[in-house]
Amino acid sequence: MRILVTGGAGFIGSNYVHQLLADGDDERVVNLDLLTYAGNLANLEAVADDGRYRFVRGDIRDRELVRGLLTDERIDAVVHFAAESHVDRSVEGPEVFVSTNVLGTEILLEEARGAGVGRFVMVSTDEVYGSLGETGLFTEQTPLAPNSPYAASKAAADLLCRAFHHTFDFPVLVTRCSNNYGPYQFPEKLIPLMIANALEDKPLPVYGDGLNVRDWLYVGDHCRAVDRVLRAGRPGGIYNVGGCNEMKNLELVEIIVDRLGKSRDLITFVEDRPGHDRRYAIDAELIMSELDWAPTVDFASGIDHTVQWYLDNRAWWETIRSGAYRDYYDQMYGDGGRHDAGPAT
Ligand code: NAD
Ligand code: TYD
């Protein structure tokens with residue numbers, strides 16, 4: 001299959017590119033990524049010279065570029081990860097979320113449809129459902145009630161996918177996954193932030209009372225779910241993906257601190273996030289029964305592996321935290337730099 005992955009230099013996208021190239025011999029993987037602050041080619045160093053892989057620095061909102069890529073590369077399927085993804089940033093500045101997540105998705109959908117692409121997987125999120133109380137689970141029938149600007153922009157994109165299927169019979173598939181963790185997660189998100197701060201003996205900022213609940217899934221399991229949906233999902237289908245692994249933030253931070261042998265005194269309660277969703281929990285029965293998917297990594301081994309990865313790859317996150325990786329891309333890909341790392345084959 002010839003696959004266009006958008007946002008493949010980010011956390012989940014890069015894990016997916018690695019998985020695709022490790023699992024399949026006859027894949028062609030084109031990675032279209034703008035390299036915003038969250039995109040990092042260091043995540044893909046190991047596959048950079050793989051003949052089946054091409055990186056293109058570019059914007060999903062660049063219609064001409066998208067059209068050219070879909071045609072020149074004879075793309076069969078799009079797997080769409082590219083997004084602004086951080087809730088806190090969406091509280092500070094929602095506009096880029098609407099532009100990238102909504103308009104970007106619309107342009108991709110329109111161009112993919114025009115190019116006759118056979119499958120379009122939209123990587124949506126469980127945050128489109130809003131917040132749960134003490135009990136209950138999100139199912140695919142739960143009404144959408146996004147609370148943050150991030151979640152609202154993802155819900156708009158998710159619904160555009162629905163509309164493209166309903167109106168044009170375009171073969172869109174949507175995944176709505178819970179919180180991911182694992183290697184290459186940008187250190188502004190809860191788990192890598194806490195690991196990095198703890199290793200530097202810095203305060204660990206827990207929002208509010210720390211009792212908000214998230215359902216954590218190892219990133220490799222999410223990638224396998226996306227791939228199952230790509231290859232075997234029902235066009236127009238929506239699939240929840242989750243880890244059956246609910247945890248309070250405070251509990252999770254304590255686990256990380258303990259694993260690192262650091263003092264729990266580093267934990268610092270800070271002002272709550274505005275509009276902070278209380279609880280997410282996923283009913284993933286549909287993808288389990290229909291596509292025979294299930295999480296394979298239990299939380300204890302997943303978090304051990306993740307903590308170890310951040311210990312072993314200290315230079316990766318220190319370079320990000322110092323901002324040095326951005327200077328490199330400005331040099332490589334700024335005006336006069338190298339814009340595209342490989343021709344169509
Ligand atoms: P991320 O922020 O780590 O990566 C996003 C990537 O998209 C980056 O490489 C960035 O450079 C790229 N990008 C941003 N704007 C772009 C544009 N205009 N054109 C091209 N590329 C652009 O995000 P992530 O955590 O890997 O999430 C990937 C997707 O999965 C997102 O759509 C997110 O909404 C969804 N998701 C994430 C989680 C999670 O827990 N992280 C859970 C469910 C769903
Ligand atoms: P995050 O990783 O930002 O994911 P999301 O908001 O998309 O679920 O945050 C996960 C949870 O951790 C969320 O309840 C907010 C909380 N949190 C903190 O308590 N402190 C922090 O510094 C961060 C980044 C998040």
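Whatever order the structure lists them in is the order used to number ligands and atoms, beginning at 1.
Taking the six-membered ring where the residue is Trp, the centroids of Phe186 and Tyr37 are separated by under 6.0 Å. Ring to ring, Tyr184 and Trp309 are close: their centroids are under 6.0 angstrom apart. Aromatic pair Phe299/Tyr181: ring centres closer than 6.0 Å.
Asp209 pairs by the salt bridge (charged side-chain N to carboxylate O under 4.0 Å, His left out) definition with Arg278, not counting sequence neighbours. The salt bridge (charged side-chain N to carboxylate O under 4.0 Å, His left out) check on Lys248 picks up nothing, with sequence neighbours excluded.
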What are the atom names and distances for all N or O pairs under 3.5 Å between ligand 2 and the protein?
| unit_1 | atom_1 | unit_2 | atom_2 | d |
| --- | --- | --- | --- | --- |
| ligand 2 | 2 (O) | Leu190 | N | 3.0 |
| ligand 2 | 3 (O) | Arg273 | NH2 | 3.1 |
| ligand 2 | 4 (O) | Asn179 | ND2 | 3.3 |
| ligand 2 | 6 (O) | Arg273 | NH1 | 2.5 |
| ligand 2 | 6 (O) | Arg273 | NH2 | 3.3 |
| ligand 2 | 7 (O) | Glu127 | OE2 | 2.5 |
| ligand 2 | 8 (O) | Asn179 | ND2 | 2.9 |
| ligand 2 | 8 (O) | Arg214 | NE | 2.8 |
| ligand 2 | 12 (O) | Asn249 | ND2 | 3.4 |
| ligand 2 | 14 (O) | Arg214 | NH2 | 3.2 |
| ligand 2 | 14 (O) | Asn249 | ND2 | 2.9 |
| ligand 2 | 14 (O) | His276 | NE2 | 2.7 |
| ligand 2 | 19 (O) | Tyr207 | N | 2.9 |
| ligand 2 | 20 (N) | Pro205 | O | 2.8 |
| ligand 2 | 22 (O) | Pro205 | O | 3.3 |

At less than 3.5 Å, what protein N or O atoms come close to the N or O atoms of ligand 1? Include the distances to 0.1 Å.
| unit_1 | atom_1 | unit_2 | atom_2 | d |
| --- | --- | --- | --- | --- |
| ligand 1 | 2 (O) | Ser85 | OG | 2.7 |
| ligand 1 | 3 (O) | Phe11 | N | 3.0 |
| ligand 1 | 9 (O) | Gly10 | N | 2.9 |
| ligand 1 | 9 (O) | Asp33 | OD1 | 3.2 |
| ligand 1 | 9 (O) | Asp33 | OD2 | 2.6 |
| ligand 1 | 11 (O) | Asp33 | OD1 | 2.6 |
| ligand 1 | 11 (O) | Leu35 | N | 3.4 |
| ligand 1 | 11 (O) | Thr36 | N | 3.0 |
| ligand 1 | 11 (O) | Thr36 | OG1 | 3.2 |
| ligand 1 | 18 (N) | Asp59 | OD1 | 2.9 |
| ligand 1 | 19 (N) | Ile60 | N | 3.0 |
| ligand 1 | 21 (N) | Leu34 | N | 3.1 |
| ligand 1 | 23 (O) | Ser85 | OG | 3.3 |
| ligand 1 | 26 (O) | Phe11 | N | 3.3 |
| ligand 1 | 26 (O) | Ile12 | N | 2.8 |
| ligand 1 | 32 (O) | Phe81 | O | 2.8 |
| ligand 1 | 32 (O) | Lys154 | NZ | 2.6 |
| ligand 1 | 34 (O) | Tyr150 | OH | 2.6 |
| ligand 1 | 34 (O) | Lys154 | NZ | 3.0 |
| ligand 1 | 40 (O) | Asn180 | N | 2.9 |

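Between Leu65 and Leu32 there is a side-chain heavy-atom pair separated by less than 4.5 Å. Using a 4.5 Å heavy-atom threshold, the side chains of Met288 and Trp293 count as touching.
At least one donor-acceptor pair under 3.5 Å links the side chain of Asp283 to the backbone N or O of Glu285.
Of the candidates Leu193, Ile195, Thr306, Ile195 is the only one forming a side-chain contact (heavy atoms from CB on, under 4.5 Å) with Ile256.
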